[in-house]
Every structure is written in C-alpha cells, then in structure tokens.
Amino acid sequence: MQEARRWRWLIAALAVVALMGAAACGEEEPTDTGAEEPADFPAGSTMAKLVDEGRITVGVKYDVPLFGFKNPQSGEVEGFDVDLAQRVADELGVDLKLREAISDNRIPYLQDGTVDLVFSTMTITTDRDADIDFSRPFYIARGRILVPGDTDIAGVEDLGAGTTVCTALDSTYETVVLPEQAPEAEIKTPDTYSECFAQLQRGSVDALVTDDVILAGFLQQDESMAIVGDDLTTDPYGAGVKEGDTEFADFVSSVLDEVLEDGTWQELYDKWIGQYTGQEPEDPTDWTTEDAFEEYPCVE
Ligand code: GLU
C-alpha cells in the first residue's frame, strides 16, 4: 500500500516537473496530430526531392473562376485545379506554393523548372506530350461558345467570315479547334481568358470560345451572357510534369486515382462546378491518357 502511494506521488511529481518545464520554455508540448508519417519515396525521385525541400510549386490559372482564380476579396487562389494541387502537396507532406501559369507559358515553366507541376485547365494532347508528360485524365471538359445574350450567334456555323472570336494563345482552340471548325472567322488570341472576357463585354469580339467550365465561371460574373451551340470538342484535362519524369507522373496519377475513389472528386465537383451549372458530372474514372490522345492526335 505504502509502495503504491510512493509511486503515485512520484508520477504526480514528474508530471508537475514536466508541466513546469513546458511552461518555462514557453513551448507547446508536441501533440500527436494523427497525421501520417511522410511516405518513403525512392531516393533520387522528384517526390523525394520535393519532400527534402519541403515544398512543391504548382502552376495554376489565376483568372479562371471555378478552376484557378485569385479571389480579389480574400487574395487566395482557389478552384478545382487548386484543390487538386493541394491534395498532391498533402500526399507528399509538403507546403504548396502556387504560381500563375497561363496557357502559353505552362509548358515552358515545366521545362525550365519554374514549376514542378501544372494544374491549369490543360488538355492532354499528343502534341503537348512530345514536350511534357501527363498524369491520367481527371476532368472531361467540352468546347463551347460564350456570346452576349442579345446576339444572333447560335452555334459554330455562325462563326463565319466577318465574325471575331477570342480564345487564349496556345490553347487547343487556337491551335486545333477554331482553324478546323471556324476557318473563316478572325481569331484574336490574347494571353488570358480574362482578357477575352473583357473584350467580349466591351463588344470588341463577337464570341469567346473555350472549355465549358471556363465559360461557366465567366457566366457567373455576367449573367447577360449565354453559352450557345453544341459541344465542339471533348477536352480531357491532365496534370503536367517535366518530360520523361514518368515516376512523378505516375505518383500524381495515383493521387488522382485516390481522389476519384474516395469521394473527393465528387465533393470538388459539387463545390466548384455542379452548384453553378446544375449539370451532372461526366465521370473520368475510366478515361486513360491514351484515350485522351485520340481526341487530340498529332497536328504538327
Ligand atoms: N483546355 C484547353 C487547353 O488546354 C483550353 C483551356 C486552356 O487554354 O487552358 O488548351
């Protein structure tokens, strides 16, 4: 009995000393957050390098509401692509640093190491695959047309001679879609979609042509506009990594597989897209990168 009391006292005394120690140093005792230990990545892999640096730099759009948008109120960059970039950073156990990557510089940014990864409304195409590597497809977008609500333009057949159409420089619409489907229209190609949208609002162009989800974001900003016509394309989005880094592309694909399986994809769809468009999602689970190449075979 005496023995037990002595032990209880000793334990209580040790606890007091531990508390005093913590208070004296002004430091929080480390608590178990339940976070998983960072996974062990192969030495020399991009994943191991990023873990070592404690940070991943991801190129996203800053002017595309719903996918990658710098919110002027909060100053935060947000959207579907941004949340996926965050998930990759979380799986690596590193901080996420974002960098604006527009359609025209996202591939050069991967090539010169400005960014480690790109999530920038980027369609997987055979031509781009010659310069970078792609993850599995994670979103299936469709090409559409945005016009002022009071226009006569009802579809691509109305984008003929005398009409002016805007899309972003180096997008699939500049390089493939508009030359094939609206060869008579005059095409304007500023760097960004927000510039196209500003030109459409000013009346300096007749239509803005790009992916439906990009147009849906602009429609939220100006409901006097309308999305018209049938689907022009199927644009499967992928994440981009440096050419030849198959190991990292496979890692990103495995994160996207998980996102699709664990319900996160549906949550992100509802949060960023479904609540605005009211449309049912197209499930990209069964899409492979090879399927995506068939949508955009070699042009050059
Ligand atoms: N998804 C298309 C592309 O990658 C259009 C959107 C964009 O320019 O980012 O070209």
Side-chain angles (χ1 to χ4, degrees), residues 58-70 77 79-82 84-85 98-111 115 117-146 156 165-182 187-200 205 207-219 227 231-241 272-273 282 284 287 289 291-300:
V58 182
V60 298
K61 293 259 170 37
Y62 275 23
D63 68 329
V64 169
L66 313 188
F67 266 68
F69 182 67
K70 187 159 187 177
V77 184
F80 193 93
D81 272 337
V82 176
L84 291 178
L98 296 172
R99 172 97 191 214
E100 183 175 14
I102 58 172
S103 305
D104 189 39
N105 67 18
R106 56 195 166 185
I107 290 177
Y109 273 7
L110 282 171
Q111 291 172 320
V115 298
L117 179 64
V118 161
F119 272 102
S120 175
T121 61
M122 181 160 64
T123 302
I124 299 169
T125 76
T126 313
D127 282 335
R128 289 173 181 165
D129 189 59
D131 297 326
I132 59 169
D133 278 354
F134 282 104
S135 71
R136 60 153 300 139
F138 65 84
Y139 192 84
I140 312 301
R142 306 277 175 175
R144 298 294 298 274
I145 304 169
L146 185 72
V156 72
V165 180
C166 196
T167 195
L169 186 64
D170 221 14
S171 63
T172 46
Y173 297 90
E174 188 218 353
T175 56
V176 181
V177 182
L178 288 171
E180 280 176 4
Q181 299 194 33
I187 313 295
K188 287 202 178 173
T189 54
D191 280 342
T192 61
Y193 287 108
S194 48
E195 176 54 29
C196 274
F197 184 55
Q199 291 193 19
L200 188 65
V205 296
L208 163 47
V209 176
T210 188
D211 301 330
D212 51 359
V213 277
I214 300 178
L215 300 179
F218 289 130
L219 195 57
I227 296 177
D231 291 345
L232 306 177
T233 66
T234 299
D235 272 59
Y237 288 177
V241 306
W272 292 115
I273 302 151
E282 177 167 352
W287 273 78
T289 311
D291 295 333
F293 291 151
E294 282 177 27
E295 295 295 328
Y296 282 93
C298 255
V299 191
E300 288 148 326

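Positions are given from 1 along the sequence. Numbering of ligands and ligand atoms starts at 1, following listing order.
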**Student:** Are any non-hydrogen side-chain atoms of Y237 and D211 less than 4.5 angstrom apart?
**Tutor:** yes
**Student:** Between Q181 (side chain only) and L232 (backbone N and O only), is there a donor and an acceptor less than 3.5 Å apart?
**Tutor:** yes
**Student:** Check ligand 1 for N or O atoms under 3.5 Å from a protein N or O and list each pair with its distance.
**Tutor:**
from, atom 1, to, atom 2, distance (Å)
ligand 1, 1 (N), T121, O, 2.8
ligand 1, 1 (N), T123, OG1, 2.7
ligand 1, 1 (N), D211, OD2, 2.6
ligand 1, 4 (O), R106, NH2, 3.0
ligand 1, 4 (O), T121, O, 3.2
ligand 1, 4 (O), T123, N, 3.0
ligand 1, 4 (O), R128, NH1, 2.9
ligand 1, 8 (O), S103, OG, 2.6
ligand 1, 8 (O), Y193, OH, 2.7
ligand 1, 9 (O), K61, NZ, 2.6
ligand 1, 9 (O), S103, OG, 3.3
ligand 1, 9 (O), R106, NH1, 2.8
ligand 1, 9 (O), T121, O, 3.2
ligand 1, 9 (O), T121, OG1, 2.7
ligand 1, 10 (O), R106, NH2, 3.2
ligand 1, 10 (O), R128, NH2, 2.9
ligand 1, 10 (O), T172, N, 2.8
ligand 1, 10 (O), T172, OG1, 3.4

**Student:** State whether R142 and E282 are salt-bridged, where the test is any N-O pair (Lys NZ or Arg NE/NH1/NH2 against Asp/Glu carboxylate O) under 4.0 Å.
**Tutor:** yes
**Student:** With a 4.5 Å heavy-atom cut-off, do Y139 and L84 have their side chains touching?
**Tutor:** no
**Student:** Give every residue pair that meets the salt bridge (charged side-chain N to carboxylate O under 4.0 Å, His left out) criterion with at least one member in residues 165-182, sequence neighbours excluded.
**Tutor:** none
**Student:** Apply the test side-chain hydrogen bond (donor to acceptor under 3.5 Å, both in side chains) to residues D127 and T125: give CA-CA distance (whole Å), side-chain angles for both, the deciding distance (0.1 Å), then the verdict.
**Tutor:** CA-CA 5 Å; D127 282 335; T125 76; 5.5 Å; no
